[in-house]
Colleague: 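Quick one: this structure, given as structure tokens, is what I'll be asking you about.
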There are 2 protein chains.
Amino acid sequence: MKTTRNTTAKTAVLEVFEKSRTALSHTEIQKQLNDVCDRVTIYRILDRLVNDDIVHKISNLDGTVKYAKCNHSNQRVHIHNHAHFSCENCHEITCLENVKPSYIMPHNYKVKEINFTLSGLCPNCLNSNI
Amino acid sequence: MKTTRNTTAKTAVLEVFEKSRTALSHTEIQKQLNDVCDRVTIYRILDRLVNDDIVHKISNLDGTVKYAKCNHSNQRVHIHNHAHFSCENCHEITCLENVKPSYIMPHNYKVKEINFTLSGLCPNCLNSNI
DNA sequence: ATTTTATCGCAACATTGTTGCAAATGATAA
DNA sequence: TTATCATTTGCAACAATGTTGCGATAAAAT
């Protein structure tokens, strides 16, 4: 049985998530960590965190991948069925915890995960008259 | 005013889309074209096709970006509000033209585009008892 | 046929993600 | 506390993907 360890690098990554309101890319995490650990280590930590359902992965329309901490891991069945918002101006991605899409699927599909990302202008950028 | 031209490379790319039932990545398109044109040219053609609303871009959870031809460009307001399905087994991405999510947004967001991708097993792979 | 300019090919570069392996380190039990 | 051992890390090297600049080519309009 593979156990997971609490290393200093992992703790540092989790602290970065804690401080951030928005989802973060690998590069953004790396910048905030400044040389706490290697680039490769961050990739591996993120993989583990996603696997352990501590962090979820979000892919943006532009092809960038971001990560955000889950703040509902107390639920028994843990599905990330909430939406994300991607601002085309400031490029921040935020979780819209309360936005849950409803939809009707054709038969014969087995849905395991959903990724619902809306893009446009976030409240901040909308107010700035852009 | 920038006009767009019909080149042989662009026509070839569109033919590849025509033949394909599923969404295609840059690499997949390149393989099917075998050396009709340069790798860079394909990137630029795809950019233009997306800009002209002839093709839409889909980004998958694994970070891969795929493209599919729009078959509803007759609509006046052209928003890609349909869902896509990404099979975790065969990795094919298909458009679910009839699946349109309904959702309620918080105020102060201006939504311009949505990306709704469901993943799991497609009918083909589901039947294969995987 | 000539002109204009969008498009192309090439080369070089930047970014992002992956892999193998020896060394380091966290967790567990002695 | 120390010994043990599997997990994690750093490094180096590699692979894949996407971008940019620029001279050459070719599509479309006159």
Side-chain angles (χ1 to χ4, degrees), chain A residues 1-17 23-68 86 88 91 93 115 117, chain B residues 1-17 22-68 86 88 91 93 115 117 119:
Chain A
M1 182 167 69
K2 232 167 133 72
T3 59
T4 188
R5 289 184 187 172
N6 287 319
T7 64
T8 50
K10 184 180 164 188
T11 309
V13 169
L14 283 173
E15 267 170 25
V16 170
F17 277 119
L24 300 167
S25 67
H26 170 273
T27 312
E28 288 164 341
I29 294 168
Q30 192 186 356
K31 276 176 194 157
Q32 291 202 37
L33 283 181
N34 49 305
D35 293 319
V36 167
C37 65
D38 194 71
R39 210 168 62 85
V40 178
T41 303
I42 301 176
Y43 278 114
R44 300 201 256 227
I45 289 174
L46 289 172
D47 281 349
R48 265 179 284 145
L49 290 177
V50 168
N51 245 290
D52 295 348
D53 267 335
I54 295 168
V55 152
H56 59 278
K57 199 172 173 179
I58 310 153
S59 76
N60 206 8
L61 251 193
D62 62 13
T64 58
V65 173
K66 300 218 175 186
Y67 301 85
S86 163
E88 66 182 30
H91 296 104
I93 295 189
N115 171 27
T117 307
Chain B
M1 182 168 67
K2 232 165 133 67
T3 59
T4 189
R5 291 183 186 173
N6 286 321
T7 64
T8 49
K10 184 180 163 189
T11 309
V13 170
L14 283 174
E15 267 170 22
V16 170
F17 277 120
T22 61
L24 300 167
S25 68
H26 170 273
T27 311
E28 288 163 342
I29 294 168
Q30 193 186 355
K31 276 175 194 156
Q32 292 203 35
L33 284 180
N34 49 303
D35 293 318
V36 167
C37 65
D38 195 71
R39 210 168 63 85
V40 179
T41 302
I42 301 176
Y43 278 114
R44 299 201 256 228
I45 288 173
L46 289 171
D47 280 350
R48 266 179 283 144
L49 290 176
V50 168
N51 245 290
D52 296 349
D53 266 336
I54 295 168
V55 151
H56 60 277
K57 198 173 173 180
I58 310 152
S59 75
N60 206 8
L61 251 193
D62 62 13
T64 58
V65 173
K66 300 217 175 187
Y67 300 85
S86 163
E88 66 183 26
H91 295 104
I93 295 189
N115 171 27
T117 306
S119 56

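To find a chain, count down the sequence lines: A is the first, B the second, and so on, and within it residues start at 1.
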Colleague: Compare every heavy atom of A:Asn115 with every heavy atom of B:Ser59, then report the nearest pair and how far apart it is.
Modeller: O-ND2, 4.2 Å
Colleague: Can you see if the side chain of B:Thr27 gets near the phosphate of D:dT17 - specifically, an N or O under 4.0 Å from OP1 or OP2?
Modeller: yes
Colleague: So, does A:Asp52 use its side chain to make a donor-acceptor pair with the main chain of A:Ile54 at under 3.5 Å?
Modeller: no
Colleague: Counting only side-chain N and O atoms of A:Thr7, is one of them less than 4.0 Å from OP1 or OP2 of C:dT25?
Modeller: no
Colleague: How close or far is atom P of D:dT17 from atom NZ of B:Lys57, stated in whole angstroms?
Modeller: 14 Å
Colleague: On DNA chain C, compare the nucleotides closest to B:Thr4 and B:Val40; which residue's is nearer the 5' end?
Modeller: B:Thr4
Colleague: Looking only at side-chain atoms of B:Ile45, point me to the closest of C:dC8, C:dG17, D:dA27.
Modeller: C:dC8
Colleague: Restricting to non-hydrogen atoms, name the atom on A:Ala9 and the atom on A:Val36 that form the minimum distance, rounded to 0.1 Å.
Modeller: CA-CG1, 4.5 Å
Colleague: Once you round it to whole Å, what is the distance between C1' of D:dT9 and CG of A:Asp35?
Modeller: 14 Å
Colleague: To the nearest Å, give me how far apart CD1 (A:Ile42) and P (D:dT9) are.
Modeller: 10 Å
Colleague: Check every atom of C:dA6, D:dT7, C:dC8 against the side chain of A:Arg5 and return the nucleotide holding the closest atom.
Modeller: D:dT7
Colleague: Tell me, with the steps shown, if B:Leu49 and B:Lys10 meet side-chain contact (heavy atoms from CB on, under 4.5 Å).
Modeller: CA-CA 9 Å; B:Leu49 290 176; B:Lys10 184 180 163 189; 3.9 Å; yes
Colleague: Atom CG of A:Asp47 to atom P of D:dT9: distance rounded to whole Å?
Modeller: 12 Å
Colleague: Answer yes or no: side-chain N or O of A:Arg39 and base N or O of D:dG10 forming a donor-acceptor pair under 3.5 Å.
Modeller: no
Colleague: Round to the nearest Å and state the distance from B:Leu33 atom CG to C:dC8 atom C1'.
Modeller: 14 Å
Colleague: To the nearest 0.5 Å, how far apart are CZ in A:Arg44 and OG1 in A:Thr7?
Modeller: 11.5 Å
Colleague: Would you indicate, yes or no, if D:dG21 has its OP1 or OP2 atom less than 4.0 angstrom from a side-chain nitrogen or oxygen of B:Arg44?
Modeller: no
Colleague: Rounding to an integer number of Å, can you tell me how far B:Asn51 CG sits from C:dT7 P?
Modeller: 11 Å
Colleague: Atom CD of A:Glu28 and atom C1' of C:dT15: how far apart are they, to the nearest Å?
Modeller: 14 Å
Colleague: Provide, to the nearest angstrom, the distance between the CG atom belonging to A:Asp62 and the C1' atom belonging to D:dT19.
Modeller: 14 Å
